[in-house]
Amino acid sequence: MRKIFAGWLSVILVAVLTACVATSPAHIDDGRIHVTILHFNDIYEITPVSGGKEGGIARVATLRKQLLARNPNTITTLGGDLFSPSAIGTAQYQGEQLAGRQMVDVLNHFALDYATFGNHEFDLKEQQFNQRLLETQFTWISSNVFAADGQPYTSVKQHLVIPVVDKKSGKTFRIGMFGLTLPANQSGYVRYSDPLTAANEQIAQLGGQTDFIIALTHQAIDDDVELLEKFPQIGLLLGGHEHVNYQNWRGNFTPLLKGDANVRSVYVVDLHFDPQTGKTEVKPTFVPISGSLAEDVAVKIVVDKWMAIAFDAFRQQGFEPEAVITNTSEALDGLESNVRTRKTNLTELIAKSLLRPYPEADLSLYNSGSIRIDDVLPPGQITVYDIIRVLPFGGKVQLAEIKGELLLKVLNQGIANTGSGDFLQSANTRRVGGAWEINDTALDPKKTYRLAINDFLASGREHGLDYLKPGTPDFVIVNAGNNTDIRQLVIEQLKSH
Ligand SMILES: [Zn+2]
């Protein structure tokens with residue numbers, strides 16, 4: 001009873017919260033200049049997530065229009081990670097992978113104002129990345145990301161001054177903004193400078209010509225905290241990267257704000273600038289995005305267009321995206337923070353699927369980074385598209401013979417990689433007090449094991465596991481798995497249970 005009541009209460013609170021933000025006046029005629037910022041970060045899906053209950057860019061577009069009606073001085077910011085990875089982005093269209101083209105088009109129609117780069121922007125090939133920059137109608141801000149020749153990208157601003165003029169008094173509120181990205185994704189075509197050094201340079205330049213400085217970042221929370229503690233001149237940090245929401249008040253009690261990934265939540269920030277004192281008051285509001293916000297019709301048309309294009313592409317690959325595979329009674333956990341640190345019901349389902357073509361296999365192994373959904377599939381219908389979302393890269397499943405000694409090294413490396421995509425998932429393995437068991441028997445370093453493995457992990461391309469590749473004497477591929485597709489195997493596994 002109590003649980004049901006708590007559930008109802010939170011529904012009511014969320015509804016009230018959303019209504020408040022959109023209707024409470026941002027403009028009181030108090031001589032101050034009022035600016036509203038709508039901030040979100042880490043968006044991979046253009047549709048709602050969590051079975052349609054949360055997120056959805058078209059819903060945020062409605063919120064944006066409500067905020068604009070309340071305060072014409074409303075700007076929108078995106079704290080990075082938008083080009084990749086996503087299931088839709090892997091679809092082939094006009095001879096090329098979409099690779100974020102769908103997201104840029106949707107955000108152009110959304111009328112996003114400013115974005116900084118996330119680490120996942122550089123998952124793209126150089127030509128794809130440059131093409132996305134050309135398609136973009138919003139403004140990129142980045143202070144520490146450069147092209148391979150060390151020069152800034154021509155269409156990217158290192159900092160920006162946004163003047164907001166009060167029509168009545170004629171006075172101006174000058175907002176300075178700079179952008180930082182964690183230097184994690186070392187693609188050949190990108191160079192990073194040290195974020196703190198870059199911040200120092202930009203703040204020095206913005207100092208004399210602005211009333212308020214915003215850092216738009218995509219970096220780890222500890223680095224954001226350090227930034228605010230080093231630079232009290234920053235008035236607000238709008239971030240991303242963790243995929244979970246944060247509201248921290250650091251340094252000079254400066255708000256550090258991040259929303260949940262896939263716009264499951266956003267931040268609305270009201271700035272009240274007093275031209276007399278030069279001081280700016282900052283009032284953030286956390287806004288969960290749910291079905292209580294209607295989808296904006298114009299943005300939804302663009303979303304639907306790209307979904308149809310991608311679904312056609314999946315059909316050409318032999319998938320029927322809308323087909324229902326099964327009905328589950330429990331939620332399948334594909335949250336990145338879980339699949340990269342431990343086994344979940346979803347990782348175990350996939351690990352068992354790898355064994356399907358090879359009844360002779362002793363165990364299976366795959367890299368947790370193959371799982372990209374970063375979402376929970378709620379109980380109920382599981383469609384083929386859900387599985388494409390789980391494993392957007394696909395790939396074959398191979399059978400290898402591996403020496404026990406090498407297997408031990410690989411399993412231990414998988415544990416050492418906890419927290420990242422090279423953390424390994426497996427079936428028929430167990431770790432007991434630091435030692436490994438295969439099928440409930442202690443791993444024998446002298447024995448040769450039969451291993452079902454995804455082709456990416458067996459290719460030597462996985463971080464820290466570059467020795468696991470064909471041509472290694474203790475690791476021999478005995479079946480290349482040419483007629484297998486990891487996604488089809490998971491679909492078959494779900495159907496059989
Ligand atoms: Zn990120």
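Source: prediction; values computed, not measured. In listed order, ligands and their atoms are each counted from 1.
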Is the distance from the Zn ion (ligand 1) to some N, O or S atom of His243 under 2.8 Å? no

Between Thr62 and Asp296, a side-chain donor and acceptor under 3.5 Å: no

Check whether any side-chain heavy atom of Gln219 lies under 4.5 Å from a side-chain heavy atom of Glu226, and answer yes or no. no

Candidates Asn73, Thr285, Asn71 - the one meeting side chain to side chain donor-acceptor pair (under 3.5 Å) with Thr36: Asn71

Lys300 and Asp304: salt bridge (Lys or Arg N to Asp or Glu O under 4.0 Å), yes or no, with the steps? CA-CA 6 Å; Lys300 188 168 188 306; Asp304 290 348; 2.9 Å; yes

Of the backbone and side-chain N, O or S atoms of His218, does one lie nearer to the Zn ion (ligand 1) than 2.8 Å? yes

ang(OD1 Asn119, the Zn ion (ligand 1), OD2 Asp81) rounded to 10° is 100°

Taking the six-membered ring for Trp, are the ring centroids of Phe146 and Tyr153 within less than 6.0 Å of each other? no

Got a sec: is Asp42 within less than 2.8 Å of the Zn ion (ligand 1) via an N/O/S atom? no

Per residue His241, nearest N, O or S atom to the Zn ion (ligand 1) is named ND1

